[in-house]
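Down below is the structure, laid out as structure tokens.
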Amino acid sequence: MTIDAAPKPATRASSLPAQPRAFSGIQPSGVTHLGNDLGAIRNYVALQNRGAAEGFETIYCIVDYHALTSVHDPDRLRRQTLEMAASLIALGLDPDKCMLFVQSHRPEVTELCWLLNTVTPVGWLQRTPTYKEKRQTQPEDVNHGLLTYPVLQAADIVIYKASLVPIGKDQAPHLELSREIVRAFNARYGETFPEPHAVYTEAPVVLGTDGVRKMSKSVGNTIDILAEPDVIRKQIMSMVTDTQRILRSDPGRPEVCNVCQMHRHFGDDYEEIWDGERTARTGCVDTKKLLAQRIIDHYAPAREAYRELIADPVRLHRILDEGAERIRPIAEATMAEVRERMGLR
RNA sequence: AGGCGCCUAGCUCAAUUUGGCAGAGCACUGGUCUCCAAAACCAGGGGUUGUGGGUUCGAGUCCCGCGGCGCCUGCCA
């Protein structure tokens with residue numbers, strides 16, 4: 001992973017942390033699928049471990065406030081939040097190495113969101129790609145939360161004085177907006193927040209089993225890595241392959257075959273597998289069975305860990321509560337500083 | 001707050017001027033078929049018609065209340 005620019009050393013403003021902190025939020029979309037892991041979670045784990053080794057803090061937040069802009073069923077939100085927490089831990093986030101908590105357990109962030117709202121021009125928000133997209137996908141429910149979504153995102157990052165934000169390229173506009181909001185605030189009230197920097201992670205766009213759209217729970221084209229092996233086999237066998245390879249003897253085109261593309265992430269021998277497809281030495285069924293088995297094996301420990309975690313909600317709640325408590329002093333210190341700077345106290 | 005319009009399958013919409021067995025396309029599931037998938041063909045599941053009352057032998061359809069969405073005119077901190 002690469003950092004887009006070296007964070008400024010925090011020498012000028014004494015309120016900035018000595019070491020950069022990393023922050024990332026993830027929506028409580030329920031049990032994670034392959035796209036979640038390859039696209040984000042793997043990088044969270046890597047950054048967490050790097051932080052533990054190099055001495056900077058990593059903060060991961062399940063953003064249930066943000067989810068409320070689209071999810072309106074309380075039971076579903078609660079369930080998906082727990083499922084996401086269990087998934088993250090099962091896939092390698094370690095509450096001893098990182099701070100893991102639920103966004104709404106630190107409600108101070110909503111106060112900061114309001115305060116940042118007052119330095120944010122509406123035009124910036126209306127131009128946000130995801131806002132425009134949501135107006136299309138849920139036209140019956142264009143609530144104000146959708147518009148102010150990036151402001152809450154900015155508040156999330158800066159309330160913990162985080163300066164490193166691991167994101168995929170698709171999130172670049174949101175982070176750029178966060179940077180502008182921070183600049184606007186610092187310009188008006190004095191240097192208070194570190195400007196967040198993108199940590200561009202190598203995040204492949206993982207296509208779903210239909211081979212066309214991005215893997216997504218709402219589309220229903222996921223590979224559920226934490227599900228039972230039979231479910232995974234069935235999902236992979238149903239994947240769309242190279243639509244021009246009709247007969248077993250036809251040569252395949254690994255570049256356009258989503259099954260072949262996924263092999264890149266599960267073994268060093270994908271070139272060899274691709275060669276088998278090109279020369280029709282192997283068939284799609286062979287390649288699918290191999291992929292299924294590799295995914296099943298690779299996620300076997302995570303699957304077992306998930307099963308244990310989700311069966312013990314008391315323990316999960318305790319982990320999340322502890323995370324929220326550990327991060328509390330940072331949030332409270334920031335808010336005290338911000339209120340003072342803005343003239344509220 | 002008032003006025004007008006809308007709400008039917010996961011989605012887009014039907015359902016005769018005047019109440020009479022809730023349907024189609026897409027999507028989904030299964031089958032046939034070429035290694036699988038796709039495509040094609042065949043079959044199937046899927047609905048408390050937003051919600052609660054009322055009129056009627058019978059209500060998606062008519063009447064009243066409530067909720068949601070959109071547009072318009074206002075009011076208020």
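Just so we're clear, the structure is a prediction, and the values are computed from it rather than from any experiment. Order of the sequence lines sets the chain letters (A, B, ...), proteins ahead of strands, with each chain counted from 1.
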Checklist entry - When all nucleic acid strands are considered with a 4.0 Å heavy-atom cut-off, which category describes T241(A): base, sugar-phosphate, or nothing? => result base
Could you work out the separation of [N] and [M] based on their [atom1] atoms and round it to a whole Å?
N	M	atom1	result
rG23(B)	rC35(B)	P	41 Å
rG58(B)	rG70(B)	P	38 Å
rG60(B)	rC21(B)	P	10 Å
rG50(B)	rU56(B)	P	23 Å
rG10(B)	rU51(B)	P	13 Å
rA43(B)	rG53(B)	P	41 Å
rU16(B)	rA24(B)	P	16 Å
rG54(B)	rU61(B)	P	14 Å

Item to check | Sequence-distant partners of R326(A), salt bridge (Lys or Arg N to Asp or Glu O under 4.0 Å), two or more places apart | outcome: none
N/O to N/O distances under 3.5 Å, protein versus nucleotides 69-77 of chain B:
residue	atom	partner	partner atom	Å
rC69(B)	O2'	E140(A)	OE1	3.3

Nearest whole angstrom, please: distance from the [atom2] of [N] to the [atom1] of [X].
X	N	atom1	atom2	result
L207(A)	rA38(B)	CG	P	16 Å
D210(A)	rC36(B)	CG	P	20 Å
L291(A)	rC36(B)	CG	P	18 Å
D242(A)	rC35(B)	CG	P	14 Å
Q138(A)	rG10(B)	CD	C1'	16 Å
M237(A)	rA38(B)	CE	P	11 Å
N221(A)	rG10(B)	CG	C1'	15 Å

Item to check | Duplex segments of RNA chain B, taken as runs of at least three Watson-Crick or G-U pairs that stay under 3.5 Å | outcome: B:1-7 with B:67-73, B:10-13 with B:23-26, B:28-32 with B:40-44, B:50-54 with B:62-66
Item to check | Verdict with supporting geometry, T128(A) and T130(A), side-chain hydrogen bond (donor to acceptor under 3.5 Å, both in side chains) | outcome: CA-CA 6 Å; T128(A) 309; T130(A) 44; 5.6 Å; no
Just checking [X]: does its [atom1] atom have more than 12 heavy atoms from other residues, nucleotides or ligands closer to it than 6.0 angstrom?
X	atom1	result
R76(A)	CZ	no
E304(A)	CD	yes
D268(A)	CG	no

Item to check | Atom of T32(A), atom of I225(A) and distance for their closest heavy-atom approach | outcome: O-CG1, 3.8 Å
Checklist entry - Would you say rA38(B) has OP1 or OP2 under 4.0 Å from some side-chain N or O of K288(A)? => result no
Checklist entry - Which residue pairs pass the salt bridge (Lys or Arg N to Asp or Glu O under 4.0 Å) test when at least one of the two sits in residues 94-114 of chain A, sequence neighbours left out? => result R106(A)-E108(A), E111(A)-R339(A)
Item to check | Sequence neighbours excluded, every pair satisfying salt bridge (Lys or Arg N to Asp or Glu O under 4.0 Å) that has a member inside residues 140-151 of chain A | outcome: none
Checklist outcome for this item: So the ring-ring contact (aromatic ring centres under 6.0 Å, His included) pairs with at least one residue in residues 68-94 of chain A (sequence neighbours excluded) are none
Next on the checklist: Show every ring-ring contact (aromatic ring centres under 6.0 Å, His included) that has at least one partner inside residues 99-126 of chain A, sequence neighbours left out.
Outcome noted: F101(A)-Y160(A)
Checklist outcome for this item: Sorted by chain and residue number, the ring-ring contact (aromatic ring centres under 6.0 Å, His included) partners of Y306(A) (sequence neighbours excluded) come out as none
Item to check | Contacts of H66(A) that satisfy ring-ring contact (aromatic ring centres under 6.0 Å, His included) - sequence neighbours left out | outcome: Y149(A)
Just the table, please: protein N/O against nucleotides 39-48 of chain B N/O, every pair under 3.5 Å.
none

Item to check | Qualifying residues under side chain to side chain contact (heavy atoms under 4.5 Å, CB included), relative to T148(A), sequence neighbours excluded | outcome: C113(A), N117(A), H144(A), V151(A)
Next on the checklist: Check the orientation of F185(A) and Y189(A). Use parallel for under 30°, tilted for 30 to 60°, and perpendicular for over 60°.
Outcome noted: tilted
Next on the checklist: Tell me which residues in residues 245-253 of chain A lie within less than 4.0 Å of RNA chain B, going by non-hydrogen atoms.
Outcome noted: R245(A), I246(A), L247(A), R248(A)
Checklist entry - Checking salt bridge (charged side-chain N to carboxylate O under 4.0 Å, His left out) for the pair K288(A)/E277(A): CA distance, chi angles, key distance, verdict? => result CA-CA 11 Å; K288(A) 282 181 173 177; E277(A) 288 284 303; over 6 Å; no
